[in-house]
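The chains referred to below are lettered A, B, ... by the order of the sequence lines, with proteins before strands, and numbering in each begins at 1. These values consider heavy atoms only, across backbone and side chains, with no hydrogens, waters or symmetry-generated copies.
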Amino acid sequence: MVKRISNQETSRLLAEIGEYLEMEGIPFKPRAYEKAAQAVGELDKGVSEIYEAGGLKALEGIPGIGASIAKKIEELLQTGRLKYYDELKKKVPVDLSGLRKIEGLGPKSIKKLYEELGIKTIADLEKAARAGKIAKLEHFGAKSEENILKGLDFLKKATGRLLLGAVLPKARLIEKRLGELKEVERIALAGSLRRRKETIGDLDVLVVSKKPKPVMDFFVSMPEVVHISAHGETKSAVKLESGLDVDLRVVPAESYGAALNYFTGSKDHNVTLREMAMAKGWKLNEYGLFKGNKQIAGKTEEELYAALGMDYIEPEMRENTGEIKAAKKHKLPKLIGYGDLLGDLQIQTDWTDGADSIEAYAQAAIQRRHKYIAITDHTKRLAMTGGLDEKKIRKQWAEIDQVQKKIGPKLKILKGTECDILKDGSLDLDDETLSQLDVVGVAVHSHFDLPREEQTRRIIRAIKNPNVDILFHPTGRLIGKREAYDLDMDAIIKAAKETGAVLEIDAMPDRLDLKDEYIRKCVAAGVKLAIDTDAHSIPHLDFLEYGIAQARRGWAQKSDVVNTRPLEAFLKLLKK
DNA sequence: GCCGTTTTCGGCCCGACTGTTTTCAGTCG
């Protein structure tokens, strides 16, 4: 019988083995374990499921896992233990994952601290540092000790990764300020932010300047900087009071494209590009693409990709999930653009839990050049929001008609709903009412913990209702707060294909539901998508950008998204 | 330990910064 060991736990053990091997100074193996740990962490199926279905061979089929690590995973799944790990751990029995959270502490330092001072935990570390014991160690000093104490301090306040929606506005502010300096010729935001990942670990800013010193000095003295971890001519790094780590790199103009590419990542994408360069006998680094000592590309990213024999790859696709192969074959999709949406299809007003009135939203939508919006308040089962029943929603229609008359033809206000999906998959408004609405969205707001089959059946029953147009926030996850409910998304996507239901990409920064992998599945299956803000107040209307970013990360094109269509064409696309 | 249009052996990304050194090891991305 196979033990139920989670991917997360398996990944952690493999990563720790890598770190222990690093301590021993063993070359290459640490990378292999690190890669394997990452591979397991990114699997969309459980390792135990994979092993049960296909045995050792199936484990070896995972890229980054070979015969040796597959056997170790097998041992872990069968016995619940991993002898190799236990033996390594016996030599340096420390809380590795805890201590590694201190910036600047790597495996070698941790080993030394254990051997010299017996430090096993964060608490031991703090005690030793406060007692001044670390400064006295060989190869450590007063500065190292101070940095450890600072690191401990930050750890106590640490927030982990931040939401894209929280980081992007701050990043743009930094970009604007630095961009205004006369020494700055060009500036770009790189890193996972440029790839528009859902969460951001740290921010990379790239600058072209012939006089970097004043730029660096300005950067490290910005008011929100609480800690400076590096301050050099080409690289500086700071921590902001929000907990965000920001790196600033200065590069020469002729290396701008190569540096932008390098610091945008992803790491896997870059490594593959480097390997391609090497295969041609060239060298690729952050300064350019080189044939011997001669730079043959790198001033722009476009030039770089062209020199490597492929089409330009949008940052949102650079995850090494097939985009390089597609770019070589000139088969990349033309992604939906940031200006391609004509309307917003999920808005909560002050009729339920939204903050603003229908008219205020309408005016705000006109300012944002929307052509149409759908008003989609909650329904009666969500009593705490004052959800609408069949009678009350008809009153709302009257108000919509009134506002429509007042604002004229600049914006079409569609009558919609975010109708509750009840436990058995039936809906919270009668069919007579649903049939009169322009846009029927349905969503799960209760019974999140139903078994997978039942939850899946429930949602499929709901979208099979012929009045239903869109499934809102299909998986219900809240990033960093709540897991998605247990669902068979393949079955949902298949049902959506059959019924013509549209799946929503909810642009709310802590939802971004669907995630990229499911968007790609929808695109492949020909299931249409809607990108909506789920606005609960007027400022939320600006979140569409995050939804578009998510769609781009899922390789969606303009034609995959229903609300890129003009009103008439959009309404025709809906089921009825 | 993994991997393969350099394919079953022999490579494995590599440069910047810091802190401790006095030429470099460790860490990071």
Within the 4.0 Å heavy-atom criterion, would you say [X] contacts the bases, only the backbone, or no part of the nucleic acid?
X: Phe263(A); result: nothing
X: Pro107(A); result: sugar-phosphate
X: Pro63(A); result: sugar-phosphate
X: Lys267(A); result: base
X: Leu21(A); result: nothing
X: Ser236(A); result: nothing
X: Ala279(A); result: base
X: Asn147(A); result: sugar-phosphate
X: Lys29(A); result: base
X: Glu138(A); result: nothing
X: Ala190(A); result: nothing
X: Gly191(A); result: nothing
X: Lys72(A); result: sugar-phosphate
X: Arg274(A); result: base

Separation of atom [atom1] in [X] from atom [atom2] in [N], rounded to whole Å:
X: Met216(A); N: dC17(B); atom1: CE; atom2: C1'; answer: 11 Å
X: Leu96(A); N: dT27(B); atom1: CG; atom2: P; answer: 11 Å
X: Asp268(A); N: dG29(B); atom1: CG; atom2: C1'; answer: 13 Å
X: Leu289(A); N: dC13(B); atom1: CG; atom2: C1'; answer: 14 Å
X: Ile26(A); N: dG1(B); atom1: CD1; atom2: C1'; answer: 11 Å
X: Glu22(A); N: dT27(B); atom1: CD; atom2: C1'; answer: 9 Å
X: Asp204(A); N: dG29(B); atom1: CG; atom2: C1'; answer: 8 Å
X: Tyr33(A); N: dC3(B); atom1: OH; atom2: P; answer: 13 Å

Lys/Arg cation over aromatic Tyr114(A): Lys111(A), 6.0 Å, 45° cone: no

Over-ring placement of Lys72(A) relative to Tyr84(A), 6.0 Å and 45° cut-offs: yes

Heavy atoms from C-beta onward define the side chain here; which of [options] lies closest to that of [X]?
X: Val271(A); options: dG1(B), dG19(B), dC13(B); value: dC13(B)
X: Lys143(A); options: dG15(B), dC17(B), dG19(B); value: dG19(B)
X: Ala230(A); options: dC28(B), dC17(B), dC13(B); value: dC17(B)

Non-hydrogen atoms of Gln78(A) and Lys3(A) that approach each other most closely: O-NZ, 3.6 Å

Span that lies between the P atom of dG11(B) and that of dA16(B), in whole angstrom: 25 Å

Spacing of the P atoms in dC3(B) and dC13(B) (rounded, Å): 13 Å

Any side-chain heavy-atom pair of Tyr546(A) and Leu168(A) under 4.5 Å: yes

side-chain contact (heavy atoms from CB on, under 4.5 Å), paired with Leu164(A), selected from Arg196(A), Lys197(A), Arg195(A), Glu198(A): Arg196(A)

N/O donor-acceptor pair, side chain Tyr287(A) with base dG15(B), under 3.5 angstrom: no

Evaluation steps, salt bridge (charged side-chain N to carboxylate O under 4.0 Å, His left out), between Glu126(A) and Arg130(A): CA-CA 6 Å; Glu126(A) 179 154 20; Arg130(A) 295 220 184 280; 2.7 Å; yes

Face-to-face contact Phe28(A) to dC2(B) six-ring, under 5.5 Å, under 30°: no

Evaluation steps, salt bridge (charged side-chain N to carboxylate O under 4.0 Å, His left out), between Glu34(A) and Arg31(A): CA-CA 5 Å; Glu34(A) 186 191 321; Arg31(A) 277 305 81 67; 3.1 Å; yes

G-U wobble or Watson-Crick pairing nucleotide for dT8(B) (cut-off 3.5 Å, both distances): none

